[in-house]
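Working notes for the structure below.
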Amino acid sequence: MFKALFFLFIVIPIVEIALLIQVSEVIGGWSTIALVIVTAFVGAKLVKQQGTDALKNVQVQMAQGQMPAEELFAGLCVIIAGVLLLTPGIMTDVIGFLLLTPVVRKRLAANLMSQAKVKMTNPQQGGGFYYSSYTHTQTPKRDQFTETHIQSNKPSNTLEGEFERKD
């Protein structure tokens with residue numbers, strides 16, 4: 001963790017300052033300042049546009065009953081790009097603009113998904129979570145979760161009751 005923080009707060013600003021000095025020697029000081037300000041404004045506009053598009057795509061996917069994993073990752077990339085574009089510097093602007101391109105986001109998502117491991121357990125084998133709605137005075141509700149629980153013939157570990165708060 002220390003190495004990551006050291007890199008984030010010491011190394012990156014030093015590289016940014018060196019790059020800004022190099023660019024200012026080539027195009028001039030005022031032009032460099034204008035470049036940083038223009039990239040911040042253009043980046044903010046692009047982040048707003050792509051952020052709202054990502055939000056709409058997430059809502060559409062959820063309305064269709066699908067998991068919007070790719071759209072959520074795109075939204076995360078847009079947020080990170082926004083932070084990088086608002087940070088003054090050349091290197092952070094380049095990385096921010098790269099994160100705003102859909103091709104880079106898709107390749108990054110593919111690389112991360114190839115390294116991700118998802119572990120799911122089956123409630124019938126004793127792992128995971130399962131839902132039970134048994135009470136003393138009611139007949140059990142019949143839904144997919146209680147049907148799974150009833151078919152597995154496992155005793156319920158769920159206690160239901162009522163409480164009253166007296167202040």
Side-chain angles (χ1 to χ4, degrees), residues 1-133 143-146 148-149 158:
M1 185 65 163
F2 176 75
K3 290 180 183 180
L5 291 175
F6 180 78
F7 183 76
L8 185 64
F9 291 113
I10 303 297
V11 175
I12 290 178
I14 290 173
V15 171
E16 287 289 358
I17 291 170
L19 282 173
L20 287 172
I21 291 171
Q22 293 292 323
V23 169
S24 69
E25 288 177 357
V26 173
I27 65 172
W30 292 109
S31 298
T32 304
I33 292 172
L35 178 69
V36 169
I37 292 171
V38 167
T39 56
F41 281 118
V42 170
K45 184 173 175 60
L46 287 172
V47 165
K48 181 180 177 185
Q49 175 193 9
Q50 290 193 13
T52 55
D53 289 345
L55 180 62
K56 288 177 187 175
N57 291 338
V58 166
Q59 290 174 341
V60 166
Q61 290 280 324
M62 290 180 70
Q64 294 174 351
Q66 299 172 351
M67 180 63 181
E70 189 173 320
E71 287 78 13
L72 288 172
F73 183 75
L76 178 66
C77 286
V78 169
I79 290 171
I80 294 170
V83 170
L84 291 173
L85 287 167
L86 291 177
T87 303
I90 306 295
M91 183 178 66
T92 54
D93 288 346
V94 169
I95 295 171
F97 280 121
L98 284 174
L99 283 175
L100 287 179
T101 54
V103 173
V104 172
R105 282 197 308 250
K106 287 184 191 260
R107 289 190 72 143
L108 188 59
N111 286 341
L112 288 176
M113 291 301 282
S114 69
Q115 296 174 1
K117 292 183 181 178
V118 178
K119 182 179 179 184
M120 296 179 66
T121 58
N122 187 351
Q124 293 176 343
Q125 296 174 349
F129 296 98
Y130 59 93
Y131 171 79
S132 176
S133 60
D143 60 9
Q144 90 182 52
F145 298 108
T146 56
T148 302
H149 183 74
T158 304

Could you list the donor-acceptor pairs under 3.5 angstrom formed between side-chain atoms of residues 69-86 and any protein atom two or more places apart in sequence or on another chain?
residue: Glu70; atom: OE2; partner: Lys106; partner atom: NZ; Å: 3.4

Tell me which donor-acceptor pairs under 3.5 Å the side chains of residues 23-35 have, and how far apart each pair is, sequence neighbours excluded?
residue: Ser24; atom: OG; partner: Leu20; partner atom: O; Å: 3.2
residue: Ser24; atom: OG; partner: Ile21; partner atom: O; Å: 2.8
residue: Ser31; atom: OG; partner: Ile27; partner atom: O; Å: 3.2
residue: Thr32; atom: OG1; partner: Ser24; partner atom: N; Å: 3.4
residue: Thr32; atom: OG1; partner: Gly28; partner atom: O; Å: 2.7

- [ ] Apply side chain to side chain contact (heavy atoms under 4.5 Å, CB included) to Ile10 and list each qualifying residue two or more places apart in sequence or on a separate chain.
- [x]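 So Ile10 forms a side chain to side chain contact (heavy atoms under 4.5 Å, CB included) with Phe6, Ile14.
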- [ ] Can you sort out the partners of Leu5 under side chain to side chain contact (heavy atoms under 4.5 Å, CB included), two or more places apart, ordered by chain and number?
- [x]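 Per chain and number, Leu5 pairs via side chain to side chain contact (heavy atoms under 4.5 Å, CB included) with Met1, Phe9.
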Would you be so kind as to tabulate the donor-acceptor pairs closer than 3.5 Å made by side chains of residues 40-54, with sequence neighbours excluded?
residue: Gln50; atom: OE1; partner: Arg105; partner atom: NH1; Å: 2.8
residue: Gln50; atom: NE2; partner: Leu100; partner atom: O; Å: 3.1
residue: Thr52; atom: OG1; partner: Lys48; partner atom: O; Å: 3.1
residue: Thr52; atom: OG1; partner: Gln49; partner atom: O; Å: 2.8

Open item on the list: Per the side-chain hydrogen bond (donor to acceptor under 3.5 Å, both in side chains) rule, what does the pair list look like for residues 2-11, sequence neighbours excluded?
Closed with: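 Found none.
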TODO: Scan residues 76-102 for pairs that pass side-chain hydrogen bond (donor to acceptor under 3.5 Å, both in side chains), counting only residues two or more places apart or in two chains.
DONE: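 For residues 76-102: Glu16-Thr92, Thr39-Asp93.
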Let me have the donor-acceptor pairs involving side chains of residues 59-68, under 3.5 Å, with sequence neighbours excluded, atom names and distances please.
none

